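A short worksheet on the structure shown next.
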Amino acid sequence: METVLVKEYRADIMECVHKGHICVVNEWGGIEAYVGDPHYVAFTRSSAKPLQAIPAIRAGLVDYYHLGQEEIALMTASHRGEPAHIEMLERFAQKAGIDRNLMICAPSWPLDEESKHQLIRSGGDKSRWYHNCSGKHYGMLAYCQMAGYPLQGYEQPEHPLQQEILRCISDLSGMKQADVALGTDGCGLPVFAMPLSALATAYMKLATPEQIEDASTRTAVQIITSAMHASPYMVAGRDKVDTLLLEDDNIVSKGGFKGVYCFGLKRERLGIAFKIADGSEEEWGWIIESILDQLGYAHQETIQKLQAAFPKELLNDEGQQVGRAETEFTLNRS
């Protein structure tokens, strides 16, 4: 049931085809619109990060460590290792006092090329701090320290932290815990496989927390999404889709590796999740722009920002136009 989402042309010859699936759910969790298979099972990858932060925030992590919004946002981030990200991580570490080497994410170079080059020129080396998931890992360790959970083994599915996270993801997605399949993410933590319809439902609730029955979970979601909106740069970095979308306070969004992307619309009370089958991410901006346009999204400034940041004209290294991209899908209305 894979459907063509984007075609890329070079010299008017089709060079690439990107297929996939899209699911849009309404405030009752029903399918509002779709492309391909709305129940396609995908791994959440980093799109789960705002959900994974809920147990710690719900338990009082913010007050316990006196965290600012930038540090909260970093717990949801796939950051690029830019100086501002590292500065906030260091500030978090000063408050929590946990050795960063207890994080199981691998020592890495910054994903941001400019930051990587500056680090190399200054004689720096790989660090766990620079791993794009380090904010999530450090937040988890900080919660384990606060809660009296073991710091060692925090990545294991049976660890009480991971059990809390699984229950939270089950609650917000509407799935039974036993039906949420587990794998291991690139950073070493458990990663969740679920239908796009369930993932879209979770994002609908992130955007409309008043629908969450448990008061403490509802408050935690409000704290997390408020921090993401207050510090969108912390969630991703310069020129990234997450950063751009979170500048719109009506959108709660987060992408994940291998082509999965999720966002919720507050006023429209919708949750959207899609998966590019070949795992590509370059097409995210084009696909999101088309989804918003087809849904009749009223905030045209956001659509215009997407168009400016992710033009469909394909350029070579010299800035000459050599091709174009076209979105090919039409949302099926349920």
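Everything numeric in this text was worked out from a predicted model, so none of it was measured.
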Does any pair with a residue in [range] pass salt bridge (Lys or Arg N to Asp or Glu O under 4.0 Å), and if so which ones, sequence neighbours excluded?
{"range": "residues 123-141", "answer": "none"}
{"range": "residues 189-203", "answer": "none"}
{"range": "residues 241-250", "answer": "D242-K254, E247-K305"}
{"range": "residues 79-88", "answer": "E82-R238"}

[Y] side chain reached by [X] side chain, heavy atoms, under 4.5 Å:
{"X": "L314", "Y": "Q321", "result": "no"}
{"X": "H18", "Y": "C16", "result": "yes"}
{"X": "L51", "Y": "L172", "result": "yes"}
{"X": "Q145", "Y": "L151", "result": "yes"}
{"X": "I291", "Y": "Y297", "result": "no"}
{"X": "L89", "Y": "I86", "result": "yes"}

To the nearest 0.5 angstrom, please state how far the [atom1] atom of [X] sits from the [atom2] atom of [Y].
{"X": "Y261", "Y": "I288", "atom1": "OH", "atom2": "CD1", "result": "4.5 Å"}
{"X": "L5", "Y": "T3", "atom1": "CG", "atom2": "OG1", "result": "7.0 Å"}
{"X": "L331", "Y": "S290", "atom1": "CG", "atom2": "OG", "result": "7.0 Å"}
{"X": "L292", "Y": "Q300", "atom1": "CG", "atom2": "CD", "result": "9.5 Å"}
{"X": "I98", "Y": "M103", "atom1": "CD1", "atom2": "CE", "result": "10.0 Å"}

Minimum heavy-atom separation for G153 to H159, with atom names?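 Nearest heavy atoms, G153 then H159: O-CD2, 3.3 Å.
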Taking all non-hydrogen atoms of both residues, which atom of P110 and which atom of K116 are closest, and how far apart?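 Heavy-atom minimum between the residues: O-CB, 3.7 Å.
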Honestly curious: do [X] and [Y] fall in one hydrophobic cluster under the side-chain, below-4.5 Å linking rule?
{"X": "L67", "Y": "V221", "value": "yes"}
{"X": "V25", "Y": "L265", "value": "no"}
{"X": "F92", "Y": "L161", "value": "yes"}
{"X": "I54", "Y": "M175", "value": "yes"}

Start with the C-alpha gap between L246 and S253, add the side-chain angles, then the distance that decides, and say whether side chain to side chain contact (heavy atoms under 4.5 Å, CB included) holds. CA-CA 7 Å; L246 287 167; S253 64; 3.7 Å; yes
Considering only distance and modelled atom types, tabulate donor-acceptor pairs under 3.5 Å from the side chains of residues 190-208, sequence neighbours left out.
| residue | atom | partner | partner atom | Å |
| --- | --- | --- | --- | --- |
| S197 | OG | H39 | ND1 | 2.8 |
| T201 | OG1 | S197 | O | 2.8 |
| Y203 | OH | S47 | O | 2.6 |
| T208 | OG1 | M204 | O | 2.7 |
| T208 | OG1 | Q211 | NE2 | 2.9 |

Does [X] have any salt bridge (Lys or Arg N to Asp or Glu O under 4.0 Å) partners at least two apart in sequence or in another chain, and if so, which?
{"X": "E210", "result": "R269"}
{"X": "R218", "result": "none"}
{"X": "E283", "result": "none"}
{"X": "D185", "result": "R45"}

Restricting to pairs with a member in residues 54-76, which pass ring-ring contact (aromatic ring centres under 6.0 Å, His included), not counting sequence neighbours? none
Does any pair with a residue in residues 212-250 pass ring-ring contact (aromatic ring centres under 6.0 Å, His included), and if so which ones, sequence neighbours excluded? H85-Y233
Pick out which of E8, E289, Q307, E326 makes a side-chain hydrogen bond (donor to acceptor under 3.5 Å, both in side chains) with K312. E289
Answer yes or no: is there an ion pair linking [X] with [Y], defined by an N-O contact shorter than 4.0 Å?
{"X": "E90", "Y": "R100", "value": "yes"}
{"X": "R324", "Y": "E313", "value": "no"}
{"X": "E71", "Y": "K95", "value": "yes"}

Intermediate values then yes/no, side chain to side chain contact (heavy atoms under 4.5 Å, CB included), V4 and F329: CA-CA 6 Å; V4 174; F329 64 91; over 6 Å; no
[X] side chain vs [Y] backbone, donor-acceptor pair below 3.5 Å:
{"X": "T243", "Y": "G237", "value": "yes"}
{"X": "H137", "Y": "H131", "value": "no"}
{"X": "N316", "Y": "V322", "value": "no"}
{"X": "K49", "Y": "L74", "value": "no"}
{"X": "T76", "Y": "A73", "value": "yes"}
{"X": "Q163", "Y": "P157", "value": "yes"}
{"X": "D99", "Y": "L102", "value": "no"}
{"X": "Q162", "Y": "Y154", "value": "yes"}
{"X": "S334", "Y": "I31", "value": "yes"}

Under 6.0 Å between ring centres: does that hold for F43 and F257?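 No, the ring of F43 stays outside the 6.0 Å limit from the ring of F257, centre to centre.
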Before we go on, tell me: are the rings of F310 and W286 under 6.0 Å apart, centre to centre?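 Not under 6.0 Å, so no.
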Cut-off 3.5 Å, side chains only: do [X] and [Y] have a donor facing an acceptor?
{"X": "S122", "Y": "Q118", "value": "no"}
{"X": "N250", "Y": "E268", "value": "yes"}
{"X": "R58", "Y": "T217", "value": "yes"}

May I have the step-by-step check of side chain to side chain contact (heavy atoms under 4.5 Å, CB included) for L119 and Y130, ending in yes or no? CA-CA 11 Å; L119 179 64; Y130 296 122; 3.3 Å; yes
Evaluate L245 against L306 for side chain to side chain contact (heavy atoms under 4.5 Å, CB included), listing each step before the verdict. CA-CA 8 Å; L245 288 180; L306 286 166; 4.2 Å; yes
Partners meeting ring-ring contact (aromatic ring centres under 6.0 Å, His included) with F263 (sequence neighbours left out):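 Per chain and number, F263 pairs via ring-ring contact (aromatic ring centres under 6.0 Å, His included) with no residue.
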Set out, in order, the CA-CA distance, both residues' side-chain angles and the distance that settles side-chain hydrogen bond (donor to acceptor under 3.5 Å, both in side chains) for D278 and S280, then state yes or no. CA-CA 6 Å; D278 61 15; S280 180; 4.5 Å; no
Give me the ring orientation class for W129 and Y138: parallel if the planes are under 30° apart, tilted from 30 to 60°, perpendicular past 60°.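 Correct class here is perpendicular.
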